[in-house]
Amino acid sequence: MINFFYETEVETLDESNLISWIGNVILSEEKTEGEINFIICDDKYLLKINQDFLDHDTYTDIISFDNTIGNQLHGDIFISIERVVDNANTFDVSVDEEMRRVLIHGVLHLCGYKDKTPNEEILMRQKEDEKLLLFHVEQ
């Protein structure tokens with residue numbers, strides 16, 4: 001089950017289309033859907049999580065807590081809407097497009113993809129691009 005929770009004022013997402021797309025992405029990675037919670041928050045909320053749980057004192061767009069069991073994906077994915085908006089402006093894409101990229105980035109982490117090394121980061125970007133195309137095909 002995929003859930004969305006809002007810890008800040010934000011324009012509501014098109015959850016039904018996103019849930020369908022994320023489900024298809026999960027299947028494309030030969031995984032099954034467990035309980036995945038997306039928590040949409042602001043910079044302050046996510047900074048506190050970053051400080052308390054990861055001992056980082058920086059803003060970030062996403063933090064994923066992976067509770068996957070075997071091939072069944074479970075996890076909590078926290079996303080700062082403020083970082084998403086800033087990133088959209090920086091990369092000259094719509095906020096919706098950037099939100100989809102960040103959402104699927106979190107799901108890819110649950111699938112086992114990392115982005116700590118340059119090679120991992122390249123693969124992560126390739127996977128994000130591949131999965132974003134699935135959204136456009138479905139629509």
Side-chain angles (χ1 to χ4, degrees):
M1 170 173 262
I2 297 171
N3 304 297
F4 286 87
F5 301 97
Y6 301 89
E7 294 295 332
T8 190
E9 293 292 321
V10 63
E11 186 176 318
T12 304
L13 303 174
D14 183 0
E15 293 178 16
S16 61
N17 279 335
L18 291 171
I19 288 169
S20 174
W21 168 60
I22 292 166
N24 287 333
V25 166
I26 292 168
L27 289 175
S28 77
E29 288 293 320
E30 299 180 358
K31 306 289 184 183
T32 59
E33 183 182 311
E35 185 168 352
I36 301 172
N37 299 307
F38 291 98
I39 301 92
I40 311 302
C41 56
D42 61 15
D43 278 346
K44 184 177 177 183
Y45 190 101
L46 198 52
L47 178 61
K48 179 95 170 100
I49 291 171
N50 214 5
Q51 292 166 333
D52 291 350
F53 293 96
L54 302 176
D55 203 26
H56 297 156
D57 194 24
T58 57
Y59 291 113
T60 187
D61 53 357
I62 184 170
I63 296 176
S64 302
F65 291 97
D66 187 356
N67 298 313
T68 295
I69 302 167
N71 272 341
Q72 190 175 57
L73 305 185
H74 296 270
D76 295 319
I77 300 171
F78 293 83
I79 297 172
S80 168
I81 189 64
E82 291 171 284
R83 293 300 94 221
V84 169
V85 170
D86 281 353
N87 289 347
N89 290 330
T90 298
F91 298 116
D92 196 28
V93 298
S94 72
V95 173
D96 288 343
E97 176 92 6
E98 184 62 17
M99 178 59 83
R100 287 190 295 270
R101 182 175 296 279
V102 174
L103 288 167
I104 219 57
H105 182 92
V107 172
L108 289 169
H109 274 307
L110 300 184
C111 289
Y113 295 97
K114 308 291 182 210
D115 58 2
K116 296 294 183 200
T117 69
N119 285 341
E120 290 173 343
E121 192 172 321
I122 289 168
L123 179 59
M124 177 67 86
R125 295 298 165 258
Q126 290 171 342
K127 283 293 186 176
E128 288 171 5
D129 290 341
E130 172 189 314
K131 303 315 179 186
L132 285 167
L133 290 175
L134 289 177
F135 183 84
H136 297 295
V137 167
E138 290 177 11
Q139 306 309 306

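All heavy atoms count here, side chains included; hydrogens, waters and symmetry mates do not.
In plain terms, the two heavy atoms of I62 and V102 that are nearest each other are CD1-O, 3.2 Å. The two atoms that bring I2 and G23 nearest to each other are CD1-N, 4.2 Å, heavy atoms only. In plain terms, the two heavy atoms of K131 and I104 that are nearest each other are CB-CG1, 3.8 Å. Closest non-hydrogen pair, C111 versus L73, comes out as SG-CD1, 3.7 Å. Annotation for I77 and G106: closest pair CD1-C, 3.6 Å, computed over non-hydrogen atoms. Contact record, L110 with H74: CD2-O, 3.9 Å, taken as the closest heavy-atom pair.
Listed by chain and number, the residues in a side chain to side chain contact (heavy atoms under 4.5 Å, CB included) with S16 are D14 (sequence neighbours excluded). In terms of the ring pair (Phe, Tyr, Trp, His ring centres under 6.0 Å) criterion, Y113 has no residue partners (sequence neighbours excluded). With sequence neighbours excluded, the residues forming a side chain to side chain contact (heavy atoms under 4.5 Å, CB included) with T58 are N50, H56, listed by chain and number. Taking E15 as the reference, Y6 meet the side-chain hydrogen bond (donor to acceptor under 3.5 Å, both in side chains) condition, with sequence neighbours excluded. For the side chain to side chain contact (heavy atoms under 4.5 Å, CB included) test, residues two or more places apart in sequence or in another chain that qualify with D42 are T8, K44, Y45, E82.
Hydrophobic clustering (side-chain heavy atoms under 4.5 Å, transitive across Ile, Leu, Val, Met, Phe, Trp, Tyr) keeps F78 apart from L108. Placement of L54 and I49 within a single hydrophobic cluster is found when ILVMFWY residues are connected by side-chain heavy-atom separations under 4.5 Å, directly or transitively. In terms of hydrophobic clustering, with Ile, Leu, Val, Met, Phe, Trp and Tyr side chains grouped at heavy-atom distances under 4.5 Å, F53 and L46 are assigned to a common cluster. No chain of hydrophobic side-chain contacts below 4.5 Å, direct or via other Ile, Leu, Val, Met, Phe, Trp or Tyr residues, connects F65 to I22. Criterion: ILVMFWY side-chain heavy atoms under 4.5 Å apart, direct or through other members. Under it, M124 and I63 are not part of a common hydrophobic cluster.
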Give the C-alpha distance, both sets of side-chain angles, the deciding distance and a yes or no for side chain to side chain contact (heavy atoms under 4.5 Å, CB included) between M99 and I79.
CA-CA 9 Å; M99 178 59 83; I79 297 172; 4.1 Å; yes
Chi angles and distances behind the side chain to side chain contact (heavy atoms under 4.5 Å, CB included) call for F4, L18:
CA-CA 10 Å; F4 286 87; L18 291 171; 4.2 Å; yes
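Applying the salt bridge (Lys or Arg N to Asp or Glu O under 4.0 Å) test to pairs two or more places apart or on separate chains, those with a residue in residues 46-75 are K48-D52. A salt bridge (Lys or Arg N to Asp or Glu O under 4.0 Å) check over residues 105-119, counting only residues at least two apart or in different chains, returns nothing. For residues 86-95, the salt bridge (Lys or Arg N to Asp or Glu O under 4.0 Å) pairs, not counting sequence neighbours, are R83-D86. Applying the ring-ring contact (aromatic ring centres under 6.0 Å, His included) rule to pairs touching residues 81-104 yields nothing, sequence neighbours excluded. Among residue pairs with one or both ends in residues 120-130, those qualifying as salt bridge (Lys or Arg N to Asp or Glu O under 4.0 Å) are E29-K127, R101-E128, R101-D129, R125-E128, K127-E130; sequence neighbours excluded.
Using a 4.5 Å heavy-atom cutoff, the side chains of V95 and E98 are not in contact. With a 4.5 Å cut-off on side-chain heavy atoms, E97 and L132 count as touching.
Atom CZ of residue F135 and atom CG of residue D96 lie 8.0 Å apart, to the nearest 0.5 angstrom. Once rounded to the nearest 0.5 Å, the distance linking CZ of R100 with CG of L13 reads 10.5 Å. I26 contributes atom CD1, which lies 11.5 Å from atom CG of N71 (distance to the nearest 0.5 angstrom).
Side-chain heavy-atom separations under 4.5 angstrom define the hydrophobic clusters, and the remaining members of the one that includes Y59 are L47.
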Give the table of side-chain donor-acceptor pairs shorter than 3.5 Å for residues 32-39, with sequence neighbours excluded, one pair per line with atom names and distance.
{"from": "E33", "atom 1": "OE2", "to": "M1", "atom 2": "N", "distance (Å)": "3.2"}
{"from": "N37", "atom 1": "OD1", "to": "N3", "atom 2": "ND2", "distance (Å)": "2.8"}
{"from": "N37", "atom 1": "ND2", "to": "D76", "atom 2": "OD1", "distance (Å)": "2.9"}

